[in-house]
Number of protein chains: 4
Amino acid sequence: MVGRPRSEVARKAILRAALDLCARDGYQNVTMKGIAQVAGSGRQTVYRWWQTKAQVLLEALTDVLAEEVPELPDTGDARADLVTFLEQTFTLARGVAGQVVVGLMADAQSDAELAAELRAKIINPRRAALRAVLARGAVPDDVELELAVDLVFGAMWYRLLNRHAEVNQELAEEIAGLLARIN
Amino acid sequence: MVGRPRSEVARKAILRAALDLCARDGYQNVTMKGIAQVAGSGRQTVYRWWQTKAQVLLEALTDVLAEEVPELPDTGDARADLVTFLEQTFTLARGVAGQVVVGLMADAQSDAELAAELRAKIINPRRAALRAVLARGAVPDDVELELAVDLVFGAMWYRLLNRHAEVNQELAEEIAGLLARIN
Amino acid sequence: MVGRPRSEVARKAILRAALDLCARDGYQNVTMKGIAQVAGSGRQTVYRWWQTKAQVLLEALTDVLAEEVPELPDTGDARADLVTFLEQTFTLARGVAGQVVVGLMADAQSDAELAAELRAKIINPRRAALRAVLARGAVPDDVELELAVDLVFGAMWYRLLNRHAEVNQELAEEIAGLLARIN
Amino acid sequence: MVGRPRSEVARKAILRAALDLCARDGYQNVTMKGIAQVAGSGRQTVYRWWQTKAQVLLEALTDVLAEEVPELPDTGDARADLVTFLEQTFTLARGVAGQVVVGLMADAQSDAELAAELRAKIINPRRAALRAVLARGAVPDDVELELAVDLVFGAMWYRLLNRHAEVNQELAEEIAGLLARIN
DNA sequence: CATTAAACGAGACGGTACGTCATGTCTTTGA
DNA sequence: TCAAAGACATGACGTACCGTCTCGTTTAATG
């Protein structure tokens with residue numbers, strides 16, 4: 001026998017509520033209780049499918065990215081493609097997705113399981129994408145791509161976290177320009 | 001009457017306890033209650049001088065760095081100096097100081113005041129130091145130094161947070177090598 | 001059309017489970033969820049036929065008593081008959097039936113409907129039986145029988161609840177002895 | 001060092017709230033959460049001093065009885081004293097105290113510790129008092145007093161629980177009358 | 001027989017009380 | 001007047017059971 005099937009309505013409402021609360025109150029101030037309340041669902045329904053608010057937001061983020069992440073640009077101009085890719089990434093990072101992923105990264109510092117999931121579902125795919133773009137000629141062939149990825153996304157993360165500067169098109173162009181100067 | 005003066009003993013015990021707990025349980029699991037308990041002080045004594053655990057740990061970190069941060073290397077060999085500087089920085093980052101600063105950065109995402117203090121007391125001094133080292137010839141003169149700093153420290157932060165790779169001497173050398181290839 | 005008829009198997013399993021759980025965990029710790037689980041039935045099947053665990057246990061108790069309650073003794077010796085009747089009653093009260101009826105009485109304190117059903121199905125029939133036994137000469141004719149019933153069953157209930165003394169043959173004989181001294 | 005002393009205000013408010021809620025909603029519907037809320041105290045403050053609502057109400061009841069229980073009557077007329085004593089007892093039993101003690105007795109069925117406390121603090125003192133009154137001549141000297149106490153208070157408890165008749169002066173007089181007929 | 005409608009098991013749903021924990025404030029005694 | 005101790009009001013935590021609601025699966029009486 002099967003029992004009542006999971007309510008897709010409730011699932012969507014919970015993910016939606018989690019994102020809304022994150023946008024409204026900031027990641028740290030989101031609570032499981034608040035998510036359930038705003039979603040109009042019972043607390044147990046949230047806990048039945050996710051262990052922590054981080055799990056909820058990770059799934060919410062995954063869903064959002066699945067919809068919003070664009071195709072890799074491939075115009076033949078390596079440098080222009082890199083700028084396009086970065087600006088697309090930065091646009092996402094400036095929105096709720098950025099807030100969520102920064103919060104998740106913060107929580108992941110004290111939750112190894114979350115850290116692994118975050119890397120597997122969010123971080124590594126983006127790293128692979130950047131690596132692919134870089135490999136098309138944005139840096140010389142003999143440059144260690146992992147290092148280049150660390151430098152480029154590192155700069156983005158650093159600015160997202162520390163907020164000492166914007167993560168915008170200007171940054172994308174400066175990075176592409178500097179990488180192009182490597183001989 | 002002037003009252004009883006602030007107890008330096010209590011202050012030290014609290015900062016020490018905060019660092020110990022951070023090393024033992026991780027930043028997120030440190031609590032004000034726990035700090036007071038381990039320090040053998042009253043809860044109110046902690047709150048009298050600091051508002052949050054972040055403030056406590058920020059002061060503890062500041063004290064630690066004041067003791068442990070070495071002089072800027074200046075041997076005349078710009079690239080070697082950069083490697084030395086980075087390795088010194090990375091060594092600190094791999095220890096408790098790294099754990100603390102990552103936790104503080106996480107908390108700072110939802111606490112603007114803490115973010116400002118963190119930048120002023122910890123982040124910006126290190127940025128200035130790296131900038132100084134870079135300015136001695138590790139990169140061409142016309143490279144925007146702020147960008148270079150973002151890329152270098154960004155890579156460090158990215159690895160500290162995401163833990164996909166070590167923050168060690170190899171990284172220092174790879175970074176210095178890549179910067180040296182910019183023409 | 002009539003649909004599937006009620007399953008007698010499920011009904012028996014549920015009443016059995018309710019009694020077993022009451023014996024194992026005590027009345028207060030019995031839950032509807034637990035009853036359904038132990039009975040191997042769905043929760044809705046329990047709720048379809050009974051509103052509360054009290055209703056379930058009341059029916060279970062009624063079934064048990066229907067099987068186990070013996071005939072009224074009638075040997076001609078009024079005092080001996082009273083002792084026999086009391087000892088039969090006390091034996092039931094010392095078993096699961098006692099535990100159940102005490103629990104039901106407790107619940108009935110905050111459930112008037114249950115209280116009425118409990119009186120109608122369990123309490124009053126036993127009162128009538130005791131009254132009949134007493135009326136055969138165990139007390140003088142001019143003694144108010146309702147009062148005598150209250151005193152005798154009251155003592156039983158008091159001991160069942162408060163557990164300051166056993167509800168056993170000795171009690172039966174002492175009661176009969178004292179009633180016999182009323183002139 | 002000693003710390004902040006227990007707040008007598010909070011203690012009184014909690015006991016008061018427990019009694020009020022018991023009177024308003026019935027014993028079974030009283031919750032720890034509700035008590036704290038009505039008392040205007042924190043939930044932890046209740047749990048700090050009492051483990052269960054039964055403990056709270058037991059202490060509340062003890063306090064009430066300490067104030068309201070009158071002296072034992074001793075006029076020289078044994079039967080009149082018994083009636084007076086019973087009517088005083090019944091008056092208490094008809095009020096909130098009766099509701100509380102019945103609820104406590106119900107809970108005590110599944111909580112041995114509570115049962116012991118209830119006997120020690122409430123039940124046994126009243127038994128001793130009734131015994132003293134009976135010993136002054138309300139029953140013949142050779143009647144087993146424990147049994148007489150069981151019959152008299154048993155009748156009261158039976159009526160309190162089962163509500164098939166009032167617990168009033170008429171009952172007091174009938175009981176005294178019947179006891180007087182024992183030869 | 002095939003139809004059909006209600007009972008069945010399973011289990012998810014929105015609620016709510018549970019007992020615990022950390023928060024930041026307060027109120028004592030003692031130094 | 002500060003320090004320790006610890007009680008205070010508050011509110012989130014994760015769990016348990018409540019009573020209701022879907023599901024897909026029996027199971028008999030009816031057409």
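Because only heavy atoms are used, hydrogens play no part in the values below, and waters and symmetry mates are left out as well, while side chains stay in. These figures come from a predicted structure and were not determined experimentally. Chain A is the first sequence line, chain B the second, and so forth, proteins listed ahead of strands; every chain is numbered from 1.
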Checklist line | Contact residues, residues 11-42 of chain C to DNA chain E [heavy atom, < 4.0 Å] | finding: C:G40, C:S41, C:G42

Next item on the list: Give the rounded distance in Å between these two atoms: CZ of C:R6 and C1' of F:dA29.
Entry: 19 Å

Note to self: By nearest heavy atom, map A:P5 and C:P5 onto DNA chain F; which one lands nearer the 5' end?
What the structure shows: A:P5

Check: Quick one: salt bridge (Lys or Arg N to Asp or Glu O under 4.0 Å) partners of A:K12, sequence neighbours excluded?
Finding: A:E8

Note to self: Please determine whether side-chain contact (heavy atoms from CB on, under 4.5 Å) holds for the pair C:Q99 and D:Q109, giving the CA-CA distance in whole Å, both sets of side-chain angles, and the decisive distance to 0.1 Å.
What the structure shows: CA-CA 8 Å; C:Q99 205 169 358; D:Q109 301 310 310; over 6 Å; no

Notebook entry, point to check: What is the distance, rounded to the nearest whole Å, between atom CZ of A:R4 and atom C1' of F:dT22?
Noted result: 5 Å

Margin query: Can you pull out every side chain to side chain donor-acceptor pair (under 3.5 Å) where at least one residue sits in residues 18-27 of chain B? Sequence neighbours excluded, please.
Written below: B:R16-B:D20, B:Y27-B:D107

Check: What pairs of residues pass the side chain to side chain donor-acceptor pair (under 3.5 Å) test when at least one of them lies in residues 42-55 of chain C, not counting sequence neighbours?
Finding: C:W50-C:E59, C:Q55-C:E117

Check: Residues two or more places apart in sequence or in another chain: which of them pass salt bridge (Lys or Arg N to Asp or Glu O under 4.0 Å) with A:E67?
Finding: none

Margin query: Here's a test of your reading of the structure: between C:Q44 and B:A10, which maps to the more 5' nucleotide of DNA chain F?
Written below: B:A10

Item checked: Beyond-backbone contact of B:L161 with A:L161, side-chain heavy atoms, under 4.5 angstrom -> yes

Next item on the list: May I ask you to test the C:R11-C:L15 pair for a side-chain heavy-atom distance under 4.5 Å?
Entry: yes

Next item on the list: Enter the distance from D:L114:CG to D:L58:CG here, rounded to the nearest 0.5 Å.
Entry: 6.5 Å

Item checked: Quiz item: C:R43 side-chain donor-acceptor pair to F:dG19 base, under 3.5 Å -> yes

Check: Is B:T45 near enough to F:dA4 that one of its side-chain N or O atoms lies under 4.0 angstrom from OP1 or OP2?
Finding: yes

Notebook entry, point to check: What are the residues of residues 46-56 of chain D, sorted by number, that bring a heavy atom to within less than 4.0 Å of DNA chain F?
Noted result: D:R48, D:W49

